[in-house]
Amino acid sequence: MKKYMSSNVIGIIGLGLLGGSLAKALSLHTSYRVVGYARRQSVCDKAIASGAVAAAYTSVVDVVKEADVLVFALPPDINGVVFNEVAPLIKEGALVTDVSSTKHNFVQAVYKYLPPHVRFVSIHPMAGSEKGGFEEAKATLFEGCTWIVIHSEDTPGWSDDGAAELRQWGELFGAHIEEITMAEHDAYMASISHMPHLVAGMVATVAGGDADGEQRLRLAAGGFRDITRVAGGNPSMWREIIMGNAECIDAALASLEVEISHVRHLLAETDSEGMEAYLKRAKKIRDTFASLLGGYNERI
């Protein structure tokens, strides 16, 4: 049975992997009318045909005028530009949210242009794939994932009711709910998502980026596959995420450099016991992560 929700119409701006999956999950689990925006008519047609949305438009304005809850699911910088353009058209009392991996640039636009009668609560579903687009979207994407609600009572547009409604989405989808502040979000993401993405790219480049690279890649197996998986993501999208969180990522890379220096010292000193102790500590952290998320880690 679908869950009855207090709002009526959900408008999703961007029907890629996250936006499309959110549309499918909401249509499956709730009584909302879900409408969406996509730049290409072909994506709109696919979204309607799949049952993900009741209607889809190539005009953002058509979605904004209809929505009681407006979800920005485009890349963060584009989200900010679009929000600036449509802010005056948002319904009175509507709830605005976003699913951005990095928040700073988008929320600055929201704080600047948010109408006084509009609520804003940001979320970040920690789900995804190195593959993107509506074709990869699925209603089960959020099952078992971490669903972050940005709890920031002192920020413009904050709404307890809005936060509760967005938290309920994650619960309906079978996600694990976490709450952090806006100030914490980008620094945490730099350490656990954005910097690791760059590291995956570095590992891929070291292994395959010279004249002998193709030969080495033919020898590579599961370890190389797993550590470089996210390097297969959309470079344009990840460029925007990374550059939008540059300061926090730079700090995370500085911490990584400390670890690299320590490991190089252990190698230089042929400190076998120290190396084993270091690897044991890393394994303990990884095992803790796996236990906290009940094995979902293999999908992140």
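Along the sequence shown, residues are numbered consecutively beginning with 1. Scope of the values below: all heavy atoms of this structure, side chains included, with no hydrogens, waters or symmetry mates. Since this is a predicted model, take the numbers as computed values, not measurements.
Proximity of a side-chain donor or acceptor of Lys103 to a complementary backbone N or O of Pro76 within less than 3.5 Å is not detected. A donor-acceptor contact shorter than 3.5 Å links the side chain of Ser291 to the backbone of Thr288. For the pair Thr58 (side chain) and Arg39 (backbone), a donor-acceptor distance under 3.5 Å is absent. At distances below 3.5 Å, not a single donor-acceptor pair connects side-chain atoms of Asp98 with backbone N or O atoms of Ser122. A donor-acceptor distance shorter than 3.5 angstrom exists from the side chain of Asp186 to the backbone of His104, with no hydrogens or angles considered. No donor-acceptor distance shorter than 3.5 angstrom exists from the side chain of Asn105 to the backbone of Asp77, with no hydrogens or angles considered. Between the side chain of Lys24 and the backbone N or O of Ala137 there is at least one donor-acceptor pair closer than 3.5 Å. Judged by distance alone, the side chain of Ser152 and the main-chain N or O of Met182 form a donor-acceptor pair under 3.5 Å. Thr30 places no side-chain N or O within donor-acceptor distance of the main-chain N or O of Ser27, the cut-off being under 3.5 Å.
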Residues Ile13, Tyr57; criterion side-chain contact (heavy atoms from CB on, under 4.5 Å); working and verdict: CA-CA 10 Å; Ile13 299 176; Tyr57 310 100; over 6 Å; no
Worked verdict on Glu214 versus Leu217 for side-chain contact (heavy atoms from CB on, under 4.5 Å): CA-CA 5 Å; Glu214 187 172 328; Leu217 293 177; 5.6 Å; no
Pair Ile241-Asn245, side-chain contact (heavy atoms from CB on, under 4.5 Å): steps then yes or no: CA-CA 6 Å; Ile241 290 171; Asn245 198 22; 5.7 Å; no
Check against side-chain contact (heavy atoms from CB on, under 4.5 Å), Leu17 and Met237: CA-CA 12 Å; Leu17 175 65; Met237 180 190 74; over 6 Å; no
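With a 6.0 Å radius and a threshold of 12 heavy atoms from other residues, nucleotides or ligands, Met243 has its CE atom at or below the threshold. The environment of CD in Glu153 is crowded: more than 12 heavy-atom neighbours from other residues, nucleotides or ligands sit within 6.0 Å. Ile227 CD1: 12 or fewer foreign heavy atoms inside a 6.0 Å radius.
You'll find the side chain of Lys91 stays beyond 4.5 Å of the side chain of Leu70, heavy atoms only. When side chains are defined from C-beta on, Tyr37 does not count as touching Asp62, because their heavy atoms never get closer than 4.5 Å. The side-chain heavy atoms of His124 and Ser100, taken from C-beta on, include no pair separated by under 4.5 Å. In this structure, Leu166 and Leu95 have side chains that are in contact, with non-hydrogen atoms separated by less than 4.5 Å. Side-chain contact between Leu198 and Met202: present, with at least one pair of heavy atoms (C-beta onward) separated by less than 4.5 Å. Inter-residue side-chain proximity for Ile90 and Phe83 is flagged as met; some heavy-atom pair is nearer than 4.5 Å. Side chains of Val107 and His185 form no contact here, defined as non-hydrogen atoms less than 4.5 Å apart. Using a 4.5 Å heavy-atom threshold, the side chains of Ile150 and Ile180 count as touching.
The minimum heavy-atom distance linking Thr228 with Ala204 is given by the pair CG2-N, 4.0 Å. Between Ala87 and Pro115, the shortest heavy-atom contact is O-CG, 3.2 Å. The two atoms that bring Ala38 and Val43 nearest to each other are CB-CG1, 3.6 Å, heavy atoms only. Between Ala207 and Arg216, the shortest heavy-atom distance links the atoms O-NE, 2.7 Å. For the residue pair Ala73 and Asn79, the shortest heavy atom distance occurs at N-OD1, 3.8 Å. Across Leu28 and Ala139, no two heavy atoms sit closer than the pair CD2-CB, 4.0 Å.
Below 30°, between 30° and 60°, or above 60°: for Trp238 and His197 the angle between ring planes is below 30°, a parallel geometry. Classification of the Phe120-Tyr111 ring pair by plane angle, with boundaries at 30° and 60°, yields perpendicular.
Hydrophobic cluster membership differs between Met126 and Ile242, with clusters built from Ile, Leu, Val, Met, Phe, Trp and Tyr side chains linked at under 4.5 angstrom. Taken together through direct or relayed side-chain contacts under 4.5 Å among Ile, Leu, Val, Met, Phe, Trp and Tyr, Val203 and Leu279 form parts of separate hydrophobic clusters. In the hydrophobic clustering of ILVMFWY residues, with side-chain heavy atoms under 4.5 Å counting as a link, Val118 and Leu89 come out together. Cluster membership for Phe224 and Val230, using ILVMFWY side-chain heavy atoms within less than 4.5 angstrom, is not shared. Met195 and Met189 fall into different hydrophobic clusters, where Ile, Leu, Val, Met, Phe, Trp and Tyr are joined by side-chain heavy atoms under 4.5 Å apart, directly or via other members.
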Pairs under 3.5 angstrom only: tabulate donor-acceptor contacts from the side chains of residues 246-268 to other protein residues two or more places apart or in another chain.
| residue | atom | partner | partner atom | Å |
| --- | --- | --- | --- | --- |
| Ser255 | OG | Ala251 | O | 3.4 |
| Glu259 | OE1 | Tyr278 | OH | 2.6 |
| Ser261 | OG | Glu257 | O | 3.0 |

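To the nearest 0.5 Å, atom CG of residue Asn8 and atom CD of residue Glu66 are 10.5 Å apart. Distance check, rounded to the nearest 0.5 Å: CD1 of Ile148 to OH of Tyr188 gives 10.0 Å. The CG atom of Leu15 sits 6.5 Å away from atom CZ of Phe134, with the distance rounded to the nearest 0.5 Å. In this structure, CD1 in Ile12 is found 5.5 Å from CG in Leu26, a value given to the nearest 0.5 Å. If you take CD1 on Ile10 and OH on Tyr32, they are separated by 4.5 Å, rounding to the nearest 0.5 Å. Once rounded to the nearest 0.5 Å, the distance linking CG of Asn234 with CD of Glu240 reads 10.5 Å.
Qualifying salt bridge (charged side-chain N to carboxylate O under 4.0 Å, His left out) partners for Arg281, counting only residues two or more places apart in sequence or in other chains: none. With sequence neighbours excluded, the residues satisfying side-chain hydrogen bond (donor to acceptor under 3.5 Å, both in side chains) with Asp160 are Trp158.
Under the side chain to side chain donor-acceptor pair (under 3.5 Å) rule, His151 has a single partner from Glu178, Arg167, Glu184, Glu179, which is Glu179.
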